[in-house]
Amino acid sequence: MHSEMEIGISNPAVRQRLARLQRRLAERVRIPSSDGYGPEPGDLLVCMDAQYSGNKAWVTADVHEHGRGHLCTYVCRSEVHLGYASGFLCFREGPLLAALLEGIREILPRQVALLVTDGHGIAHPRRMGLASWIGLTTGLPSVGCAKSPLFRSATTPDPARGSLVPLKADGRVVGSVVRTRTGVKPVYVSPGHLLSIASAAGIVLGLPGNYRLPDPLRRADMAARFAQRGEMAPWMEDLGELPPVLPESLQNLIP
DNA sequence: GCGACAG
DNA sequence: ATCTTGTCGC
């Protein structure tokens, strides 16, 4: 017998159905031409990440209070139900993030104001990156901050921190290539849901930190690695095992 | 056929 | 994401 394996996503028929679902979901995403959500003092910004080992995943949510700082970083363990394939990350990781968000909802002093994820928002072939999926699923504003592009950009931002250049997909501007640290590889920022392209870049550049990844996102990454190794830091809180949250739309498509 | 390809 | 050692640079 073999260990429980994830559902293969290499199957053309499965990919086709999921791609169709992505295009349908993308129609509901709202990206204003300007503004949209903007952080206000006291707002809770949640940055999320996940680490994997086989079909096990350690998922984290770093809670940052805008204008003040770090509150706590939550971690949970989950089972992965779908393999990875470029362009379909939202279906693999989305349900895991949704589970943890559900878990911390009652713990937090107030509602989450914004979500930030590893991976893209609308800077995606079908406008349905991880950030857009979780934003749409939760109804919350969301931003995608990816470490590598899904589309090659013709230009690169100046070496100085803060400089940025438009990120295009098929001639359409869908995000920004942002220099978060002088002389270091840029990150790829795109809105997921309920805010503009400019706002998304502004938010990422507004987050604290002197590394390529903003501190909250970096802390989410660190926490997930710690948890995976069975370690905990004083600023982390373990919520234990939480089952992935599969929306109706996925229950029929994913066994 | 070959290279690309978020995490 | 994960598999892995040393090493160059601020």
Side-chain angles (χ1 to χ4, degrees), chain A residues 3 5-12 15 18-19 22 25-26 29 47-62 75 77-100 115-136 142-154 159-161 167-170 174-178 180-193 200 204 209-214 217-218 220-230 244:
Chain A
S3 62
M5 204 54 221
E6 309 113 25
I7 311 280
I9 197 171
S10 54
N11 183 322
R15 297 173 65 111
L18 292 178
Q22 286 184 316
L25 292 174
V29 165
C47 295
M48 307 190 77
D49 190 32
Q51 293 290 322
Y52 300 90
S53 183
N55 62 336
K56 304 296 182 199
W58 286 261
V59 191
T60 56
D62 184 87
V75 53
R77 236 262 308 231
S78 263
E79 299 258 315
V80 186
H81 68 299
L82 190 68
Y84 170 80
S86 177
F88 299 94
L89 176 64
C90 65
F91 300 127
R92 171 176 165 85
E93 194 162 309
L96 306 183
L97 303 188
L100 182 52
L115 297 175
V116 182
T117 70
D118 241 313
H120 299 91
I122 61 171
H124 179 279
R126 294 170 292 280
R127 298 289 141 69
M128 191 42 61
L130 178 61
S132 292
W133 191 93
I134 194 64
L136 195 59
S142 61
V143 173
C145 182
K147 295 182 292 298
S148 62
L150 227 32
F151 299 106
R152 287 294 158 191
S153 55
R161 170 188 162 83
L167 174 60
K168 296 178 185 174
D170 309 315
V174 292
S176 318
V177 183
V178 181
T180 47
R181 178 173 184 177
T182 301
V184 172
K185 279 199 306 180
V187 293
Y188 303 81
V189 182
S190 60
H193 190 41
V204 167
N210 295 308
Y211 294 89
R212 179 155 96 115
L213 288 185
L217 209 46
R218 189 161 170 271
D221 180 86
M222 292 180 65
R225 292 178 191 279
F226 272 127
Q228 182 179 38
R229 296 169 47 187

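Every chain is numbered from 1 and lettered A, B, ... according to where its sequence line falls, protein lines coming before strand lines.
Residue-level contact check: A:Phe88 touches the bases, meaning some heavy atom is under 4.0 Å from a base atom. Counting any heavy atom pair closer than 4.0 Å across all strands shown, A:Gly87 reaches a base atom. Using a 4.0 Å heavy-atom criterion, one finds that A:Tyr84 contacts the bases of the nucleic acid, with or without backbone contacts as well.
Residue A:Met48 contributes atom CE, which lies 16 Å from atom P of C:dA1 at whole-angstrom precision. What separates NE2 of A:His124 from C1' of B:dC5 is a distance of 11 Å, to the nearest Å. Between A:Arg126 atom CZ and B:dA6 atom C1' there is a gap of 12 Å when expressed in whole angstrom units. Distance, A:Asn210 CG to C:dC10 P: 17 Å, rounded to whole Å. Computed from coordinates, the A:Asp221 CG to B:dA6 C1' distance equals 14 Å when rounded to whole Å. Per the geometry, CZ belonging to A:Arg229 stands 12 Å off P belonging to C:dT2, to the nearest Å. Atom P of nucleotide B:dG7 and atom CD1 of A:Ile9 are separated by 16 Å, given to the nearest angstrom. Here the P atom of nucleotide B:dA6 and the CG atom of A:Leu167 are 14 Å apart, to the nearest Å.
Atom NZ of A:Lys56 has more than 12 heavy atoms from other residues, nucleotides or ligands within 6.0 Å. Heavy-atom neighbours of A:Phe151 CZ from other residues, nucleotides or ligands within 6.0 Å: above the threshold of 12.
The two atoms that bring A:Ile9 and A:Gly83 nearest to each other are CG2-O, 3.9 Å, heavy atoms only.
Nearest nucleotide to the side chain of A:Glu93, out of B:dA6, C:dA1, B:dG7: B:dG7. Taking the side chain of A:His120 as heavy atoms from C-beta on, and the options B:dG7, B:dA6, C:dT2, the nearest nucleotide is B:dA6.
Remark: A:Lys147 is in phosphate contact with B:dG7, judged by side-chain N or O atoms under 4.0 Å from OP1 or OP2. Taking side-chain N and O atoms only, A:Gln228 has a distance below 4.0 Å to OP1 or OP2 of C:dT2. Considering only side-chain N and O atoms, A:Arg92 lies nowhere under 4.0 angstrom from the phosphate OP1 or OP2 of B:dA6. The side chain of A:Ser86 contributes no N or O atom lying less than 4.0 Å from OP1 or OP2 of B:dA4. At B:dG3, none of the side-chain N or O atoms of A:Arg152 fall inside 4.0 Å of OP1 or OP2 (strictly under the cut-off).
Tested against A:Leu82 for a side-chain contact (heavy atoms from CB on, under 4.5 Å), the candidates A:Asn55, A:Ile7, A:Leu89 yield a single pass: A:Ile7.
Comparing B:dA4 with C:dC3, their P atoms sit 24 Å apart, to the nearest whole Å. Comparing the P positions of B:dG3 and C:dT4 gives a spacing of 25 Å, expressed to the nearest Å.
Of the possible polar contacts, one joining the A:Thr182 side chain to the A:Arg161 backbone as a donor-acceptor pair under 3.5 Å is found.
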